[in-house]
Number of protein chains: 2
Amino acid sequence: MSVLRESDRGVPREDPREDTRARIEQAALELFTAAGFEQVTIEEIAAAAGTSRRTFFRTVGGKADAVWGDFDGHVDRLATLLDRSGEDVPVLTAVLAAYVEANDYAPGDLPVLRQRMRLILTEPALQAHSQLRYADVDRVVAGYVARRCGQSPTSLVPRLVATATRAAATTAFEAWLSGDVPSLAEALRTAFGQLAEGFPGLR
Amino acid sequence: MSVLRESDRGVPREDPREDTRARIEQAALELFTAAGFEQVTIEEIAAAAGTSRRTFFRTVGGKADAVWGDFDGHVDRLATLLDRSGEDVPVLTAVLAAYVEANDYAPGDLPVLRQRMRLILTEPALQAHSQLRYADVDRVVAGYVARRCGQSPTSLVPRLVATATRAAATTAFEAWLSGDVPSLAEALRTAFGQLAEGFPGLR
DNA sequence: ACGGTAGGGGCACCGGGTGCCACGGGCAAC
DNA sequence: GTTGCCCGTGGCACCCGGTGCCCCTACCGT
């Protein structure tokens, strides 16, 4: 439900709930990577995490959700970044900057991110599920664009910008995964650049 | 598997296979629209179509697939249209034209199309599943762009164009469904126009 | 009359997901 | 200390989507 912070009152509280969650997510990630998403059963993940099938569903919600970590927090961060962006910077630039900063992971976190994204972009079931997660991102971006343009979040341009930028971000992730590009931020800038220039040379 | 045409040798051949398929798809569409995708069980659809659960899976493949009709044929048509497009017309223009022509339905087919798209864009499970179907479209478009640009279909620009144009098409469908736009073709042209111009006013 | 084949149905089974209840440990109030 | 509560957890039963396997039946050509 809520994003728990370990920094409450200085002492890391060792929340049992978050502890089992971490164990489950780590076990799921390893097993999925090793054997493939479909081949691994919940029971196997639960066993590897030292818990039960029932607890798995209670703590991570579902098989596909085990891969996403705290994605709600990620979306919240993106929303905050967009809220804080100045009125003078162009809309597309602001969206790009928010995407770049929201995905500015510490070097130590990159391996896990690679593992997550490889699964999400490769495994069909996860690829399908991702649409539901990305819909949250789209809503946030569409809302921002709508505010900046004085339009309804459900009208064409805000939604188009949201889905197109998200498509660009996804493509950037793919390029980053295949190693064709130095960094994730660079891939994002390249993709957004192409988008903002209307694909020069293709018109 | 294959797209059967009733126009072989003048007499409508009454293919039993295609007949039950049509009954199942119609029953599924009606029940999903009336009660919601999750609420309807396969057994109910099979009963309404006058057949069995087992036959349902054999003929339409799965619950989500029952909504899509002959989408493979749709993708094939799109590929053919792109193949036939001239070398002189700009890439983005060719993709737009192919999308418009592939989605140029007869007026009588529009109600069913509305019903299908409303379900696909509204029901979460179908929204998720759609990603797998759209991936086929993306592969076709990315392949075309790659051919025109002399790049690999897996490199950034072809994939970006494919996902971005498909995002634009989806947004156009949403706008068409909400009635904010006169026709589907018009919505597609508007969305592609915004995309090709790099969202003027937002940079 | 014969065998082949294809569409269909029945059945058992697997795995994801949920509701319900029961257990056990920590923790406050008495 | 004892009581009572809450919360994380586990076990169980159940539903439903999906698949493999076998059998039935109708239609086909010979």
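In the text below, chain A, chain B and the rest are named by the order of the sequence lines, each starting its count at 1.
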Can you confirm whether or not the ring centre of A:Y134 sits under 6.0 Å from the ring centre of A:W68? yes

Does D:dG8 have its OP1 or OP2 closer than 4.0 Å to a side-chain nitrogen or oxygen of A:R17? yes

CD on B:E43 to CZ on B:R53, rounded to 0.5 Å: 6.0 Å

Check whether any side-chain heavy atom of A:E186 sits under 4.5 Å from a side-chain heavy atom of A:R189, and report yes or no. yes

In whole Å, what is the span from the CZ atom of B:R54 to the P atom of D:dG17? 14 Å

Near DNA chain C, which residues from residues 37-52 of chain B have a heavy atom under 4.0 Å away? B:T51, B:S52

May I have the distance from A:K63 (atom NZ) to D:dG18 (atom P), rounded to whole angstrom? 14 Å

Between A:T20 and D:dT9, is there a contact of a side-chain N or O with OP1 or OP2 at under 4.0 Å? yes

Can you pull the ring pair (Phe, Tyr, Trp, His ring centres under 6.0 Å) pairs that have at least one residue in residues 160-195 of chain A, sequence neighbours excluded? A:Y99-A:F192

Go through the steps for A:R116 and A:E25 under the test side chain to side chain contact (heavy atoms under 4.5 Å, CB included), then give the verdict. CA-CA 10 Å; A:R116 287 198 158 118; A:E25 288 184 353; 3.9 Å; yes

Between A:T51 and A:F56, is a side chain to side chain contact (heavy atoms under 4.5 Å, CB included) present by the stated rule, with each step listed? CA-CA 7 Å; A:T51 180; A:F56 174 93; 5.6 Å; no

Tell me yes or no: between the side chains of A:S85 and A:Y144, is some donor less than 3.5 Å from an acceptor? yes

With a strict under 4.0 Å distance from non-hydrogen atoms of chain B, what nucleotide opens and what nucleotide closes the contacted stretch of DNA chain C, reading 5' to 3'? C:dG7 to C:dC11

Could you check A:R58 against A:R53 and say which one's nearest nucleotide on DNA chain C is further toward the 5' end? A:R53

Does a side chain donor of either A:T163 or B:T171 reach within less than 3.5 Å of an acceptor in the other side chain? yes

